[in-house]
Amino acid sequence: MWKRAWTSIFLRSLVRAGVPSDFVPVRRCHNHCMHAANKKWTRPSGYDAGVKVFNSLTKQKEPLILAREKVATWYSCGPTVYDHAHLGHACSYVRFDIVQRILTRVFGITVIHAMVITDIDDKIIKRSWEENISPSVLTRMFEDEFKKDMLLLKVLPPLVYLRVTENVHHIVTFIEQIIRNGHAYATSDGDVYFDIQSIGDRYGRFIGAMESQETVSLDKKDPRDFALWKKSKPQEPFWESPWGRGRPGWHIECSTVASSVFGSQLDIHSGGIDLAFPHHENEIAQSEAHHQCGQWCNYFLHSGHLHLKGRAEKMSKSLKNYITIKDFLQSYSASEFRMFCLLTKYRSGIDYSDGSMLEARASLETVSAFINSAQAYMRGKLHTSPIQEALLWEKLEETKSSVLTALADDFDTPRAVSAVLSLVYHANCQLQPVSNCTGEARSPAVLGALVSYILDIFDLFGINTFKSPEGQVSEKVESLEGILDLLTQFRSEVREFALTQQERSNSSSKPGLYPERIPLLKACDTFRDDLAALGVIIKDRGTASTWETTQRRLSPTGSETGQDASH
């Protein structure tokens, strides 16, 4: 056995040294079907979804072709649940949540999404020993936390979560089929390895795939061979198998679970870019060896890493440079984080800092301020110069076209958001208040159309903080809104009285405010400032005034109260 391993190492060293491959003897694949196909991607036949995606298998944008019309099968690698989820996880899951929302809401695709929860792993076993609790208790606790974190971030759950420990019997059967197909082997110690050489040149779809990251073992035929089944060590959890007591390898989990849901053909597989190799590389090898097919998954989508600004390494648990989702939500809202994700492409690296989060917050505040002003105009409480209605209708149609084009181009959310913010800018230019109403014709319809479209777009992205969900406004909130309406109206009347100019009684007197009324103006200002501290913003628009609310933090948990509203 050791001779085969060292022979393989020697042959690979010859290739790396520059010896032409024609002079290096290669072990021939004994499965002609598998060897005949190479690493070239084959464009699938089926339904064109109308969108191009960057396919990691080809390193370029490809038309998204689905096996079934208006239906996409989607598998994603879930968390290994041994610790709190952090912003690196959040970034990937939020980004792909946005992508799935776009496919569904914009392109009419039904996404059937399955996700695996890895609840048995070396890190899980180690952590359970450290905490002196069973692995099952540990994993259920952190699995529940992960799901709660995703809900707080407004990530739509997959159609189904599947746990590895509940699918071990499927995994054993899956491995047995790979062995029967001639692509895996068992060792005398009870381990099972995938035989890389058995698939010839099909291994190496992703960059870096030829640099092995597997543990060196004399039992392996090739150093790149990876474990499908691991013999259990003393005191480790185990399951019975034809090779003895053990547990699954990491990569085989996803292949088995995905196949148990979707069979031998998958449209889309997603995950962080760090999973491309070896995890996704090995998934492809196992799945195609098991199903004896040439292309198991048609599209791999990978999200970029999240970095702490100024640091080169990704955010991760192992590097202990992470911010948990719960800690993050004490300072920022889910909507602000989603906006932060929208401002970069899903497959790009992203730098996290307070500065970048404040930029996202400012963008949302700009949109919120416009919506409040537009709604005030529509109610007749904001007086402006005549609206250039034709210009705004034109800008609205241009924006709709630009957003659709951007989202069809590999879900280019930065370009789409930029188009929406440009629309907001042009509309805001039309909403400058004037002191006196001149009786000019008003244009509430076009402002209503703009507000409706902008609310729909951000709701599509999972941001709905600009409006209250239908049917969820309680009677108490409605009552408080009525009280604020009355208070604002009373203040407006007092302010208008205090701002009345005194008339000249003779040629020597000067026009101006009545001195005895100046304290009323100061009281109005104090009232406005006190309400602002409570999250109620009063805006004086000429002689009239309106109020609006902003989200505030009332507890250390970061819970938000109320919804943005304007009156």
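In what follows, every heavy atom counts, from backbone to side chain, and hydrogens, waters and symmetry copies are set aside. In this chain, numbering begins with 1 at the start of the sequence shown.
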**Student:** Under the side-chain contact (heavy atoms from CB on, under 4.5 Å) rule, what do L57 and I284 come out as? Steps first, then yes or no, please.
**Tutor:** CA-CA 11 Å; L57 290 169; I284 293 172; 3.8 Å; yes

**Student:** Under the ring pair (Phe, Tyr, Trp, His ring centres under 6.0 Å) rule, collect the residues that match up with F411, sequence neighbours excluded.
**Tutor:**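 Ring pair (Phe, Tyr, Trp, His ring centres under 6.0 Å) check on F411 returns nothing, list empty.
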
**Student:** Is the backbone of A419 close enough, under 3.5 Å, to the side chain of S422 for a donor and an acceptor to pair up by distance?
**Tutor:**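 Answer holds: no.
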
**Student:** So, taking the atom named CG in D149 and the one named CZ in F328, what distance separates them when rounded to the nearest 0.5 Å?
**Tutor:**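 The CZ atom of F328 is 12.0 Å from CG of D149, to the nearest 0.5 Å.
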
**Student:** Side-chain contact test, heavy atoms from C-beta onward, threshold under 4.5 Å: evaluate it for H86 versus I325 and give yes or no.
**Tutor:**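 Result no, sub-4.5 Å side-chain heavy-atom pair not found.
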
**Student:** Any chance you could measure L159, atom CG, to I112, atom CD1, to the nearest 0.5 Å?
**Tutor:**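 Rounded to the nearest 0.5 Å, the CG-CD1 separation comes to 7.0 Å.
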
**Student:** Given the side-chain rings of W41 and Y299, with only the six-membered ring counted for Trp, is the space between their centroids under 6.0 Å?
**Tutor:**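 So the answer is yes for these two rings.
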
**Student:** I want to check something: taking the side chain as every heavy atom from C-beta on, are S333 and T465 in contact at a cut-off of under 4.5 Å?
**Tutor:**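 No; the side chains remain at least 4.5 Å from each other.
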
**Student:** Evaluate whether atom OH of Y425 has more than 12 neighbouring non-hydrogen atoms of other residues, nucleotides or ligands under 6.0 angstrom away.
**Tutor:**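 Atom OH in Y425 is not crowded, with 12 or fewer foreign heavy atoms closer than 6.0 Å.
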
**Student:** Quick one, W74 with I109, criterion side-chain contact (heavy atoms from CB on, under 4.5 Å). Give me CA distance, side-chain angles, the key distance, then yes/no.
**Tutor:** CA-CA 11 Å; W74 185 309; I109 306 299; over 6 Å; no

**Student:** Would you say K147 has more than 12 foreign heavy atoms packed within less than 6.0 Å of its NZ?
**Tutor:**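 Enclosed: over 12 neighbouring heavy atoms sit under 6.0 Å from NZ of K147.
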
**Student:** Looking at side-chain heavy atoms only, is the closest gap between E548 and Q375 below 4.5 Å?
**Tutor:**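 No, their side chains stay 4.5 Å or more apart.
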
**Student:** Any side-chain heavy atom of C91 within less than 4.5 Å of one from I350?
**Tutor:**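 Answer yes - side chains close enough.
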
**Student:** On the 0 to 90° scale, with breaks at 30° and 60°, tag the F300-H302 ring pair as parallel, tilted or perpendicular.
**Tutor:**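 Ring orientation of F300 relative to H302: parallel.
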
**Student:** Are the side chain of T399 and the backbone N or O of K395 linked by a donor-acceptor pair below 3.5 Å?
**Tutor:**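 Pair found, side chain donor or acceptor close to backbone of K395.
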
**Student:** Going through the checks in order, is the side-chain contact (heavy atoms from CB on, under 4.5 Å) test met by Y346 and I98?
**Tutor:** CA-CA 9 Å; Y346 75 91; I98 291 170; over 6 Å; no

**Student:** Of all heavy-atom pairs between L153 and A90, which one has the smallest distance, and what is that distance?
**Tutor:**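 Where L153 meets A90 most closely, the heavy atoms are CD1-CB, 3.5 Å.
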
**Student:** Which of parallel (below 30°), tilted (30 to 60°) and perpendicular (above 60°) describes H307 and H305?
**Tutor:**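 Taking H305 first and then H307, their aromatic rings stand perpendicular (interplane angle over 60°).
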
**Student:** What pair of heavy atoms forms the shortest contact from C77 to H280, and how long is it?
**Tutor:**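 For C77 versus H280, the nearest heavy atoms are SG-NE2, 3.4 Å.
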
**Student:** Using a 3.5 Å distance criterion without hydrogens, assess whether the side chain of E145 forms a donor-acceptor pair with backbone atoms of A85.
**Tutor:**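 A pair under 3.5 Å: no.
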
**Student:** Give me each pair satisfying side chain to side chain donor-acceptor pair (under 3.5 Å) with a member in residues 93-108, each pair once, sequence neighbours excluded.
**Tutor:**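 The answer is R95-T344, D97-R101, D97-R338, Q100-H113, R105-D459.
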
**Student:** Where is the tightest heavy-atom contact between D267 and I65, given as atom of each residue plus distance?
**Tutor:**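 Scanning both residues, the minimum pair turns out to be OD1-O, 4.4 Å.
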
**Student:** Mind checking what makes side-chain contact (heavy atoms from CB on, under 4.5 Å) contact with K148, not counting sequence neighbours?
**Tutor:**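 With sequence neighbours excluded, K148 shows a side-chain contact (heavy atoms from CB on, under 4.5 Å) to no residue whatsoever.
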
**Student:** Check step by step if side-chain contact (heavy atoms from CB on, under 4.5 Å) holds for L382 and S373.
**Tutor:** CA-CA 7 Å; L382 171 60; S373 296; 4.3 Å; yes

**Student:** Does the T500 side chain pair with the main chain of E496, one donor and one acceptor, at a distance under 3.5 Å?
**Tutor:**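 Indeed, once roles are kept as given, a pair shorter than 3.5 Å links the two residues.
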
**Student:** Establish, yes or no, whether the cationic atom of R361 lies under 6.0 Å from the six-membered ring centre of Y332 and within 45° of the ring axis.
**Tutor:**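 Output no; distance or angle outside limits.
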
**Student:** Taking all atoms of both residues into account, what is the closest heavy-atom pair of P444 and M378, and its distance?
**Tutor:**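 So the two residues come closest at O-CG, 3.9 Å.
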
**Student:** Are any of the side-chain heavy atoms of S356 and D351 separated by less than 4.5 Å?
**Tutor:**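 S356 does not reach D351 side chain to side chain.
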
**Student:** Is there a side-chain contact between L308 and Y322 in this structure, where contact means two heavy atoms from C-beta onward sitting under 4.5 Å apart?
**Tutor:**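 A side-chain contact under 4.5 Å is absent here.
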
**Student:** So, the side chain of Q432 versus the backbone of T384: is there a donor-acceptor pair under 3.5 Å, distance only?
**Tutor:**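 No, the answer is negative, given that no donor and acceptor are paired below the 3.5 Å cut-off.
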
**Student:** Does Y75 have its ring centroid less than 6.0 Å away from the ring centroid of F262?
**Tutor:**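 Here the rings of F262 and Y75 have centres that are no less than 6.0 Å from each other.
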
**Student:** Between CD of E69 and OG1 of T110, what distance do you get to the nearest 0.5 Å?
**Tutor:**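 The OG1 atom of T110 is 11.0 Å from CD of E69, to the nearest 0.5 Å.
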
**Student:** Examine F142 together with H84 and report whether their ring centres are nearer than 6.0 Å.
**Tutor:**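 Yes, close enough.
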
**Student:** How long is the gap from OG on S368 to CZ on F458, to the nearest 0.5 Å?
**Tutor:**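 Result: 10.5 Å between the selected atoms.
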
**Student:** Looking only at heavy atoms, what is the nearest atom pair of K154 and A334, with distance?
**Tutor:**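 Smallest interatomic distance, heavy atoms only, reads CE-CB, 4.4 Å.
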
**Student:** Hey, could you give me the CG/CD distance between L266 and Q295, rounded to the nearest 0.5 Å?
**Tutor:**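 CD of Q295 is found 11.0 Å from CG of L266.
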
**Student:** Quick one: pull up OG in S92 and CG in D274 and give me the separation to the nearest 0.5 Å.
**Tutor:**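 Atom-to-atom, S92:OG and D274:CG are 8.0 Å apart.
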
**Student:** Looking only at atom types and distance, does a side-chain atom of H426 sit under 3.5 Å from a main-chain N or O of L423, one as donor and one as acceptor?
**Tutor:**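 Checking the backbone N and O of L423 against the side chain of H426, no donor-acceptor pair under 3.5 Å is found.
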
**Student:** Work out which heavy atom in F340 is nearest to a heavy atom in L306; give both atom names and the distance.
**Tutor:**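 So the two residues come closest at CE2-CD1, 3.8 Å.
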
**Student:** Between the main-chain N or O of A362 and the side-chain N or O of T366, is there a donor-acceptor pair closer than 3.5 Å?
**Tutor:**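 Flag set: sc T366 to bb A362 pair under 3.5 Å.
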
**Student:** Decide yes or no for E283 and W296: does some side-chain heavy atom of the first lie under 4.5 Å from some side-chain heavy atom of the second?
**Tutor:**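 Touching, per the 4.5 Å side-chain cut-off.
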
**Student:** Return yes if some donor-acceptor pair links the side-chain N/O of S401 with the main-chain N/O of E398 below 3.5 Å, else return no.
**Tutor:**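 Pair absent, no side-chain N/O of S401 close to backbone of E398.
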
**Student:** Would you indicate whether F490, at its atom CZ, is surrounded by more than 12 heavy atoms from other residues, nucleotides or ligands within a distance under 6.0 Å?
**Tutor:**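 Counting other residues, nucleotides and ligands, CZ of F490 stays at 12 neighbours or fewer.
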
**Student:** Show the atom names and distances, to 0.1 Å, of all donor-acceptor pairs under 3.5 Å that link a side chain in residues 522-540 to residues at least two apart or in another chain.
**Tutor:**
{"residue": "D525", "atom": "OD1", "partner": "R528", "partner atom": "NH1", "Å": "3.4"}
{"residue": "T526", "atom": "OG1", "partner": "K522", "partner atom": "O", "Å": "3.0"}
{"residue": "D540", "atom": "OD1", "partner": "R491", "partner atom": "NH1", "Å": "2.7"}
{"residue": "D540", "atom": "OD1", "partner": "S545", "partner atom": "OG", "Å": "2.7"}
{"residue": "D540", "atom": "OD2", "partner": "R491", "partner atom": "NH2", "Å": "3.2"}

**Student:** Do N55 side-chain atoms and N298 backbone N/O form a donor-acceptor pair below 3.5 Å?
**Tutor:**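 Looks like yes, one N/O pair under 3.5 Å.
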
**Student:** Could you list all the salt bridge (charged side-chain N to carboxylate O under 4.0 Å, His left out) pairs where at least one residue sits in residues 363-375, not counting sequence neighbours?
**Tutor:**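 Listed once each, the pairs would be none.
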
**Student:** Checking E62 now: which residues fulfil salt bridge (charged side-chain N to carboxylate O under 4.0 Å, His left out) with it, not counting sequence neighbours?
**Tutor:**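 Partners of E62 under the salt bridge (charged side-chain N to carboxylate O under 4.0 Å, His left out) test: none.
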
**Student:** Looking at T80, is its backbone amide N or carbonyl O close enough to the side chain of T118 to form a donor-acceptor pair, meaning the two atoms are under 3.5 Å apart?
**Tutor:**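 Absent.
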
**Student:** I'd like to check I268 versus F96 (side-chain heavy atoms, cut-off strictly below 4.5 Å). Are they in contact?
**Tutor:**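 The answer is no; the side chains never approach within 4.5 Å.
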
